[in-house]
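Residue numbers run from 1 in the order of the sequence given. In each ligand, atom 1 is the first atom listed, and ligand 1 is the first ligand listed. For the numbers below, each heavy atom of this structure counts, side chains included, while hydrogens, waters and symmetry mates do not.
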Amino acid sequence: MTTLPTSGARETVLEARAITKSFGAFPVLHGIDLSLTSGEVVAIIGPSGSGKSTFIRCMNMLEVPDSGEILYRGRRVVPKFRGDGQLLGLGELRRHVGMVFQHFNLFPHMSVLENVIEGPVTVQRKPRGEAVDIAMDYIAKVGLAEKRDARPDQLSGGQKQRVAIARALAMQPDALLLDEITSALDPELVGEVLGVVRSLAEQGMTMVLVTHEISFAADVSDRVVFMEDGRIAEQGSPDHVLHAPDNERLKSFLARFH
Ligand code: ADP
Ligand code: MG
């Protein structure tokens, strides 16, 4: 359970309201509401094809919803708009909300350090020296200081994914979206990546993570959301959702992991 800070209520960082999305004639999301408060870790679980990736991509507008709204700290995100006042443009949203993907998406021709400073230098226009200092801090945090000059093809999958996490962190995001970041890894490499996510959770990073690592979700999340057929079929505390579910489809989904 989330422990509320004594000094007042937590703030809503990111909010999805009634998000719908179709691909062609095929509806994928049927109206999803999700609100993420500061310091909260929300795990999204559900069968393959249930719309988890589409939804988490909608949260930072990598997919533009057909209807519904995304709000970042109360400001409505509007695609194709620079943003001002009550509205927020895509560029600003993505400066605040980082994302890590299943397949790393590192720049193959760049070193670890160059991958991690790319965003701070080109997007945030930070001076290179400052960007390097920040980048090295996060590269060290994910345990890869000695690999700063290595290229992605010289790294294991687990190391690549830790670089991808460092790259997202170097933008100093307000929240992180993680989409099955261990699903492409050999089983023996999963633990090192989950360890990094766990330490971020302990440091209070606000996160949404789509994961098939059910026991990890139970461990680090404040709330678990079960998606099915483009809807949230059940949500609540990890104890409730994972250990005492009401929903029959969720029960059979969880049974696959035992
Ligand atoms: P999950 O992440 O839960 O496995 P996805 O969000 O990836 O689910 O996919 C949900 C459904 O949307 C699937 O049927 C998938 O084939 C479809 N889909 C996802 N992305 C696209 C796309 N770009 N074009 C067409 N169909 C898509
Ligand atoms: Mg997916």
Check this for me, if you would: do Arg249 and Asp229 make a salt bridge, where the nitrogen-to-carboxylate-oxygen distance has to be below 4.0 angstrom?
yes
Tell me the protein heavy atom at minimum distance from atom 1 (P) of ligand 1, and give that distance in Å.
Gly49 N, 3.5 Å
The closest protein heavy-atom partner of atom 8 (O) of ligand 1 is Gly51 N, 3.2 Å
What's the shortest distance from atom 21 (C) of ligand 1 to any protein heavy atom, and which residue and atom give it?
Phe23 CE1, 3.3 Å
Look at Ser53 and state whether any of its N, O or S atoms is less than 2.8 Å from the Mg ion (ligand 2).
yes
Would you call Asp246 and Lys251 a salt bridge, using N to O less than 4.0 angstrom?
no
Glu63 N/O to ligand 1 N/O under 3.5 Å
no
Only pairs under 3.5 Å count here: list side-chain donor-acceptor contacts from residues 202-210, not counting sequence neighbours, and write none if there are none.
{"unit_1": "Gln203", "atom_1": "NE2", "unit_2": "Ser199", "atom_2": "O", "d": "3.3"}
{"unit_1": "Thr206", "atom_1": "OG1", "unit_2": "Gly39", "atom_2": "N", "d": "2.7"}

Of the protein's non-hydrogen atoms, which lies at the shortest distance from atom 12 (O) of ligand 1, and what is that distance?
Val28 CG2, 3.2 Å
shortest atom 3 (O) of ligand 1-to-protein heavy-atom contact is with Lys52 NZ, 2.8 Å
Does Lys52 come within less than 4.0 Å of Asp179, counting only side-chain N to carboxylate O?
no
Using distance alone, with no hydrogens and no angle criterion, decide if Thr12 and Glu15 have a side-chain donor and acceptor under 3.5 Å apart.
no
Under 4.0 Å from one or more heavy atoms of Pro47, ligand 1 contributes atoms 3 (O)
Taking only heavy atoms of Ser48 into account, list the atoms of ligand 1 that are under 4.0 Å away from them.
4 (O)
For the side chain to side chain contact (heavy atoms under 4.5 Å, CB included) test, which of Leu34, Ile70, Leu71 pairs with Arg17?
Leu71
Which atoms of ligand 1 are found less than 4.0 Å from any heavy atom of Ser53?
1 (P), 2 (O), 6 (O), 7 (O)
Would you kindly say whether Arg95 and Gln124 are connected by a side-chain donor-acceptor distance under 3.5 Å?
no
Does Phe55 approach ligand 1 within less than 4.0 angstrom via side chain, backbone, both or neither, non-hydrogen atoms only?
neither
Please check this pair: side chain of Glu234 against backbone of Phe226, looking for a donor-acceptor N/O pair closer than 3.5 Å.
no
Do protein heavy atoms approach atom 16 (O) of ligand 1 to less than 4.0 Å?
no
Does the distance from a Lys or Arg side-chain N to an Asp or Glu carboxylate O, for Arg167 and Glu118, drop under 4.0 Å?
no
Going by the order shown, which atoms of ligand 1 are within less than 4.0 Å of some heavy atom of Phe26?
14 (O)
Would you mind telling me if ligand 1 is within reach of the side chain of Thr54, the backbone, both or neither, using heavy atoms under 4.0 Å?
both
dist Ile117:CD1 -> Arg148:CZ (nearest 0.5 Å) comes out at 9.5 Å
Using a distance threshold of 4.0 Å (strictly less than), state whether atom 25 (C) of ligand 1 has a protein heavy-atom neighbour.
yes
